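These numbers come from a predicted model, not from an experiment. Residue numbering restarts at 1 for every chain, and letters A, B, ... go by the order of the sequence lines.
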Amino acid sequence: MVTIQGEKNPFIRNVFTLNSCAPIVATDVLEYYDEGNMLQAWCDFVVEADPDVIIGYNIANFDLPYLIDRATHLKVTRFPYFGRMKGTKVEVRDTRFSSKAYGTRENKATNIDGRIQFDMLQVMQRDHRLRSYTLNSVCAHFLGEQKEDVHHSIITDLHNGNPETRRRLAIYCLKDAYLPQRLMDKLMCLINYLEMARVTGVPFSYLLSRGQQIKVISQLYRKAIEQDFVIPARKNVEGMDEPFEGATVIDPEKGFYNVPITTLDFSSLYPSIMMAHNLCYTTLVDQREIENLNLKNDSDYIVTPYQSARFVKAEVRKGLLPSILEDLLSARKKAKADLKKETDPFKRAVLDGRQLALKISANSVYGFTGASAGQMPCLEISASVTAYGRQMIEQTKREVESRFTMENGYKHDAQVIYGDTDSVMVKFGVDNLVDAMKLGQEAAEYVTGKFLRPIKLEFEKVYFPYLLINKKRYAGLYWTNSEKWDKLDTKGIETVRRDNCLLVQNVIETCLRKVLIDRDVSGAVAYAKKIISDLLQNKIDMSQLVITKALSKSDYSAKQPHVELAERMRKRDPGSAPTLGDRVAYVIIKGTKGAAAYEKSEDPIYVLENNIPIDTSYYLENQLSKPLLRIFEPILGDKAESLLSGDHTRVVQHTTPTIGGLMKFAVIVPTCLGCKVPLTKNADTVVCRHCKPKLGELYQKQLSTVNEFETRFARLWTQCQRCQGSLHQDVLCSSRDCPIWYMRKKAQKDVQDASAVLEKFNYEW
DNA sequence: GTTTCGACCTAG
DNA sequence: TCAGCTAGGTCGAAAC
């Protein structure tokens, strides 16, 4: 039902994992035959166990509100009092959180005073960019194990079944509670969040319910009070919402470089600019103040490149922001030093995450000053920072290109081929790593000398070879020492984007590895051709073709595949349809000729259940071809075109639908049976407005298809989804010939895993 | 048929 | 008192 675990941290008494399915099952185990009694017993148990922290997966938006609702419905009036404040009722309220970084999301918030809630789903969504955030896929990603999802619609059946089905349900519930805890332990989420709360001085709950601003504000308050500053309650400045110019991205010299490309980076560029020039609210001065205080240019204050904004020097008054930044960066330095010493790969990942978090926190100080919708926007600071940054990257380019020349005794003229914000990629013209690194070191030191402390240009890595596709898009083999490369680094291209299908990601990744690591261009071409051929012959697993996109708005102006699908799913089953902020998974199915993509998107599970054919040519033309051409064109030139034509594209296998009526229905839905006009808005009417006057026979036909479909769909839970053989247990097929018989194996393993869990906690059933 | 623009996601 | 920033590529629907 619940798992309780003591934490190493002496301040946390225990951590409590919640899964609201559990009480339902517990009716058997605990002999509370009345659900109301059971809920009350659960509440009493929580009070007795007195947890400091309650964790779970999606507890904030599902389990807690569900329990409260259920108790209200059953009139268990004493239930909502499991917080630590006696007499304070636990209540659920709706909130809406909207941020550019985290997206817009409708949330429920439950107050359980005195107990921390830590929803691992929210943690995962904030800290990790994943394609899917189901417990299943997150665990597969981080723990290498998964549970089969139990569709909510069969939970009641499992419960009302027999001891065996209830046992199965109980195991699911236990795993549901156990996996979030494993996840939390392995990623050290709780510890990292506690540290973040300590560093920034915000209440723990803010870390999951609020954004970056509150953290900066909080640090600002801390520093301000030390120096007897009072922060104005709210600055109501008009015209603060005008945009300001950001960073420079140097025009790339696109192409494939089979020579070492040296990368030079400013470390923490924006924070170091703010520190170097003492930029802060407390150091900004205007003409009147300069006159009143008799300040002198250069010796007392500096003029920045943004509209001649003026700031006093640190000797006159040290700014609050620069000292906050110093704290954050020294903490990061320590994390990085620890990282160097640590050998355990997982702790390394954690330390790496921590230093990244501190870096993000430091960077968001600049973002905070530029947040026009925020509490203390100050364009003088943010725009000065970016203006300095632009000057610096330009100057760096000039310095490198003017010093490393044949005229100055070097073997070649250096050329900056690309740069973004705080980095420059330099082609020194040498053909080996040792020289490229030596020159990089020399250049970094040379350029650093041209700037104020603590601004520092660092040599970190060499790319060799390097494929520069466009601004913010490149790939290269990453070297930090000349003996062995570190990794294949890709930026911006399909391998790191989540809005492509896995097929594209894998093909591009493999081709890049073949080209950049194995130096086998013809092998890469052959591989790409093979995949294209497989795709057109339907040999690619559907899981490779699933595309996911975030549903980020509630009102869209243009039609899109994932938005239309979410709407259709809501009509089928409002309970399991994606909601605002969720990622919608879809595949593109065959439809009428010329139909738009948004008419051909479909839920992968639905497609699997109904054996709907996939539009493979869409995947070739709209998903694979352009990314492939982009990486092969710089290498092969015009010959790259041959990838997309030739014998391998000729063999096209047309799958014939195996379940006629079903198939027809599924494919026909998006268009009118009468005139083939796509049905856009009222797809549930099945016939378009144009045809409506003469429904008659056509409508009847459609209705019977609908009926047939619904009957068969309802039976799917007792039939195998592929071969229609009868299922003796849940979704396990009885026929070994069935193409999805492996599901049985998976499920068996699942039971074994869960049994091990049971044993560990000495549960008896 | 071409251009514009909204949406998504990423780089830094 | 909800909400870090700008630059930029790419895709596909809508507008022309």
*In whole angstrom, what separates A:M376's CE from C:dC5's P?*
16 Å

*Let me know the distance between CD of A:Q213 and C1' of C:dC2, rounded to the nearest Å.*
9 Å

_Salt-bridge present (A:D615, A:K600; N to O < 4.0 Å)_ = yes

*Mind calculating the distance between CG (A:L220) and P (C:dT1) to the nearest angstrom?*
19 Å

Tabulate atom names and distances for all N/O pairs under 3.5 angstrom spanning the protein and nucleotides 9-11 of chain B.
| residue | atom | partner | partner atom | Å |
| --- | --- | --- | --- | --- |
| B:dC9 | OP1 | A:A550 | N | 3.0 |
| B:dC9 | OP1 | A:R583 | NH1 | 3.0 |
| B:dC9 | OP1 | A:R583 | NH2 | 3.0 |
| B:dC9 | O4' | A:R497 | NH2 | 3.2 |
| B:dC9 | O2 | A:R497 | NH1 | 3.3 |
| B:dT10 | OP1 | A:V496 | O | 3.2 |
| B:dT10 | OP1 | A:R498 | N | 3.1 |
| B:dT10 | OP1 | A:R498 | NE | 3.4 |
| B:dT10 | OP2 | A:R498 | NE | 3.4 |
| B:dT10 | OP2 | A:R498 | NH2 | 3.2 |
| B:dA11 | OP1 | A:G492 | N | 2.8 |
| B:dA11 | N3 | A:K472 | NZ | 3.1 |

*asked:* Quick check on the 6.0 Å ring-centre criterion: do A:F244 and A:Y306 meet it?
replied: no

*With a non-hydrogen cut-off below 4.0 angstrom, is A:Y270 in contact with a base, only sugar-phosphate, or nothing?*
nothing

*Start with the C-alpha distance between A:T396 and A:K450, add both sets of side-chain angles, then the distance that settles side chain to side chain contact (heavy atoms under 4.5 Å, CB included), and finish with yes or no.*
CA-CA 9 Å; A:T396 303; A:K450 306 271 175 183; over 6 Å; no

*Sidechain N-carboxylate O distance under 4.0 Å for A:R570, A:E567*: yes

*asked:* For C:dA3 and A:T104 - does any side-chain N or O of the residue sit under 4.0 Å from the phosphate oxygens OP1/OP2?
replied: no

*asked:* What contact category does A:G246 fall into here, base, sugar-phosphate, or nothing, at under 4.0 angstrom with non-hydrogen atoms?
replied: sugar-phosphate

*Looking across every strand, which nucleic acid part, if any, lies under 4.0 Å from A:R630 by heavy atom: base, sugar-phosphate, or nothing?*
sugar-phosphate

*Of the nucleotides C:dG4, C:dA3, B:dA7, which one has an atom closest to the side chain of A:Q560?*
B:dA7

*Does a side-chain N or O from A:N363 land closer than 4.0 Å to OP1 or OP2 of C:dG4, or not?*
no

*Nearest-Å distance, OH (A:Y598) to C1' (C:dG12)?*
11 Å

*Can you pull the salt bridge (charged side-chain N to carboxylate O under 4.0 Å, His left out) pairs that have at least one residue in residues 546-556 of chain A, sequence neighbours excluded?*
none

_Nucleotide C:dT10, atom C1' - distance to CD of A:E621 in whole Å_ = 17 Å

*Of the nucleotides C:dG12, C:dA3, C:dA13, which one has an atom closest to the side chain of A:N622?*
C:dG12

*Would you classify A:Y221 as touching base, sugar-phosphate or nothing, given that sugar-phosphate means primed atoms plus P, OP1 and OP2, and contacts are heavy atoms under 4.0 Å?*
nothing

*May I ask you to evaluate whether A:K471 reaches the phosphate of C:dG8, defined as a side-chain N or O under 4.0 Å from OP1 or OP2?*
yes

*Check the pair A:D499 / A:T548 against side chain to side chain contact (heavy atoms under 4.5 Å, CB included), numbers first and verdict last.*
CA-CA 6 Å; A:D499 52 356; A:T548 67; over 6 Å; no

*In whole Å, what is the span from the NZ atom of A:K100 to the P atom of B:dA7?*
14 Å

*Measure from CZ on A:R390 to P on C:dA7 and round the result to the nearest Å.*
8 Å

*Length of the line joining A:Y586:OH and C:dG12:C1', which is rounded to integer Å*: 10 Å

*Are a donor atom and an acceptor atom from the side chains of A:D489 and A:Y463 found within less than 3.5 Å of each other?*
yes

*Has A:H562 got a side-chain N or O lying under 4.0 Å from the OP1 or OP2 atom of B:dC8?*
yes

*asked:* Please tell me if A:Y556 has a side-chain N or O lying less than 4.0 Å from either OP1 or OP2 of B:dC8.
replied: yes

*asked:* Do A:R126 and A:F97 form a cation-pi contact, if we require the NZ or CZ to be under 6.0 Å from the six-membered ring centre and within 45 degrees of the ring's axis?
replied: yes

*Using the C1' atoms only, state how far C:dG4 lies from B:dG12, rounded to an integer number of Å.*
14 Å

*Look at the side chain of A:P627 and decide which nucleotide, out of C:dA14, C:dC11, C:dA7, has an atom nearest to it.*
C:dC11

_As a test of reading the structure: which of C:dA14, C:dA3, C:dC5 is closest to the side chain of A:K559, going by heavy atoms?_
C:dA14

*Within the structure shown, what part of the strands sits under 4.0 Å from A:S382 by heavy-atom distance: base, sugar-phosphate, or nothing?*
nothing

*Who pairs with A:E621 by salt bridge (charged side-chain N to carboxylate O under 4.0 Å, His left out), at least two apart in sequence or on another chain?*
none

*asked:* So A:K626, base contact, sugar-phosphate only, or nothing? Heavy-atom distance under 4.0 Å.
replied: sugar-phosphate

